[in-house]
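Counting begins at 1 with the first residue of the sequence.
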Amino acid sequence: MTNPKIIPQKSSFEKLTIINGNGKIMSHGISATVDIDAFKADKAEIKKDLTAIFAEVLEYFD
């Protein structure tokens, strides 16, 4: 009998901060890590949740 293993999916995204020669920040960096249970994941629900999370983050900077 085979015992399946539940392997979580982990994705990391990073955009580095860009600083010009005068020390002025030209583009702010961001990093995000997402862990998902591969067997219980609902793609549509994950997309909805991530959209809501990033919308909240963007509101913080407005």
Task: Partners passing side chain to side chain contact (heavy atoms under 4.5 Å, CB included) against N22 (at least two apart in sequence or in another chain) - done: N20
TODO: Would you mind listing every salt bridge (charged side-chain N to carboxylate O under 4.0 Å, His left out) that reaches into residues 47-57, with sequence neighbours excluded?
DONE: E45-K48
Open item on the list: Between K10 and T33, is there a side-chain heavy-atom distance shorter than 4.5 Å?
Closed with: yes
For residues 24-32, run the donor-acceptor check on the side chains, cut-off 3.5 Å, and write out each pair with its distance to 0.1 Å, sequence neighbours left out.
unit_1, atom_1, unit_2, atom_2, d
S27, OG, K15, NZ, 2.3

Task: Inter-residue atom distance S11.OG - I36.CD1, 0.5 Å rounding - done: 6.0 Å
Open item on the list: Using a 4.5 Å cut-off between side-chain heavy atoms of Ile, Leu, Val, Met, Phe, Trp and Tyr, which other residues end up in the same hydrophobic cluster as L16?
Closed with: none
